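The structure appears below as structure tokens.
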Amino acid sequence: MELKTTPAASASAAASSPKLSGKVERFTESVIREMTRLAIQYGAVNLSQGFPDFPAPAEIKNAAKVAIDADINQYAITWGAKKLRDQIAANFQRTQGVFVDPECEITVCCGSTEAMLSAMMAIINPGDEAVVFEPFYENYGPDAILSGATPRFVKLHPPEWTFDPNELAAAFGPATKAIILNTPNNPTGKVFDRAELEAIRDLCLRWNTFAISDEIYEHMLYDGARHLSLATIDGMRDRTITINALSKTYSVTGWRVGWAIAAPEVTAAIRKVHDFVTVGAAAPLQEAGAVALQMPASYYETLAREYLVRRDRLLGILGSAGFRCFKPRGAYYIMTDISAFGFPDDVAFAQYLVKEIGVAAVPGSSFYRHPADGRTHLRFTFCKKESTFQAAAERLVKLRAQS
Ligand SMILES: Cc1ncc(COP(=O)(O)O)c(C=O)c1O
């Protein structure tokens with residue numbers, strides 16, 4: 001996804017065509033999803049888009065089948081089936097110790113993607129600004145444009161992807177309506193610690209802003225990293241909108257079930273947007289979601305352990321192929337430095353990799369406001385099965401031989 005500074009006049013639009021939305025002209029299609037299409041076109045091993053290529057848990061799939069057979073096939077309550085909301089609340093209490101009222105503080109949406117956009121549309125007014133850490137998950141750019149927020153980007157600096165508190169403070173001001181946080185982070189693998197969250201909290205309180213915290217990778221943690229929800233930080237419970245989903249934790253990215261947790265008056269606004277945008281998420285899959293959220297603790301331990309093995313496997317493969325890797329402590333991506341390969345930029349290298357070597361990855365520029373800032377980076381995902389890693393390793397040998 002590329003953000004454009006000014007609405008480009010579409011040269012191709014015929015004089016007689018009605019004008020398209022100026023908002024839509026300000027961003028391009030998703031680069032991540034485009035890389036998946038290129039992977040299919042060139043028969044490449046797809047290490048670009050973050051969807052698991054291994055099966056979802058049998059219990060959860062069975063629960064969906066049972067729900068369909070039980071004829072839970074009509075609209076669920078627009079803001080989410082009660083069973084699922086109850087389990088989301090129980091889960092937040094269990095994992096983070098935060099009590100939320102499922103009746104008035106949870107909105108179930110079509111994936112966290114819709115939850116994020118509905119949340120932004122619920123709080124943004126013309127002239128509002130949203131602080132976004134950069135590199136950022138590429139959806140946040142169009143989310144800002146579509147909701148009408150002006151993004152203010154704050155750099156996460158490699159190798160640890162830390163932010164400079166002064167740079168963060170400088171991004172806040174009277175026009176700031178929200179900060180968008182993603183922890184554990186895509187694409188960097190950073191897990192924000194308590195001190196960092198408290199620094200964010202101080203600014204939210206000082207400027208009276210919301211925080212929208214995308215915590216979709218909460219269970220993918222390595223090397224002793226701990227996930228702390230921003231809502232647990234003193235003073236943040238009622239100004240944080242916590243976004244999460246079934247997608248990653250239960251390997252069901254295609255189900256499109258996510259949610260937003262927020263204080264009652266914020267939830268009321270999110271529910272209004274959500275209702276008129278989608279009416280509701282798939283009813284039988286919400287039933288299955290309630291089952292998923294009751295998985296035993298061992299499910300999450302195994303998930304994290306297996307992802308650790310996958311992370312180390314991909315670190316090994318990329319390292320042997322000559323990539324400099326930033327070791328992630330969370331989520332399921334590896335950011336790499338590709339300077340050593342001598343390509344003009346990340347896009348040229350990603351194109352070469354997918355077409356000539358047969359491995360798809362995401363150009364780093366798609367995570368930055370200014371493409372030049374990401375030109376030495378490429379992101380790989382490790383939510384893949386062993387045979388996929390094996391195939392990638394075999395193909396990347398060619399890269400080593402050629403460099
Ligand atoms: C940080 C982040 N948020 C949200 C999403 C999308 O989640 P969902 O499938 O629930 O819409 C992704 C998917 O890659 C992601 O990386």
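Note that the structure is a prediction, hence the values are computed from the model and not measured. Both ligands and their constituent atoms are indexed starting at 1 by order of listing.
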If you measure every N/O of [X] against every N/O of ligand 1, is any gap under 3.5 Å?
X: Tyr140; answer: no
X: Tyr217; answer: yes
X: Thr253; answer: no

* Polar side-chain atom of Asn125 near backbone of Gly127 as donor-acceptor pair, under 3.5 Å -> no

* Counting distance only, does the side-chain N/O of Tyr332 pair as donor-acceptor with the main-chain N or O of Gly50 below 3.5 Å? -> yes

Would you kindly specify which portion of [X] sits under 4.0 Å from ligand 1, judged on non-hydrogen atoms: side chain, backbone, both or neither?
X: Lys248; answer: side chain
X: Phe51; answer: neither
X: Ile216; answer: side chain
X: Tyr332; answer: neither

* Asked: Starting from atom 7 (O) of ligand 1, which protein heavy atom do you reach first, and at what distance in Å?
  -> Ser112 OG, 2.8 Å

* So which protein heavy atom does atom 2 (C) of ligand 1 come closest to, and at what separation? -> Asp214 OD2, 3.4 Å

Should you measure from each heavy atom of [X], which atoms of ligand 1 turn up under 4.0 Å away?
X: Gly111; answer: 10 (O), 11 (O)
X: Asn186; answer: 15 (C), 16 (O)
X: Ser247; answer: 8 (P), 9 (O), 10 (O)
X: Ala245; answer: 10 (O)
X: Tyr333; answer: 14 (O), 16 (O)
X: Asn182; answer: 1 (C)

* With a 4.0 Å cut-off, would you call Glu105 and Arg237 a salt bridge? -> yes

Would you check if there is a donor-acceptor pair between the side chains of [Y] and [X] at a distance under 3.5 Å?
X: Glu138; Y: Ser30; result: yes
X: Thr162; Y: Glu160; result: no
X: Ser339; Y: Asp337; result: yes

* Of Leu197, Thr240, Asp214, which meets side chain to side chain contact (heavy atoms under 4.5 Å, CB included) against Leu181? -> Leu197

* May I ask you to establish whether Arg375 and Tyr368 are in a cation-pi arrangement, using a distance under 6.0 Å from NZ or CZ to the six-membered ring centre and at most 45° from the ring axis? => no

* Kindly confirm or rule out a cation-pi arrangement of Lys155 over Phe153, judged by NZ or CZ under 6.0 Å from the six-membered ring centre and within 45° of its axis? => no

* To do: Look at atom 9 (O) of ligand 1 and find which of Arg256, Gln49, Arg33, Glu215 reaches it with the closest heavy atom.
  => Arg256

* Asked: Among Phe380, Tyr217, Tyr307, which residue meets the ring pair (Phe, Tyr, Trp, His ring centres under 6.0 Å) test with Tyr333?
  -> Tyr217

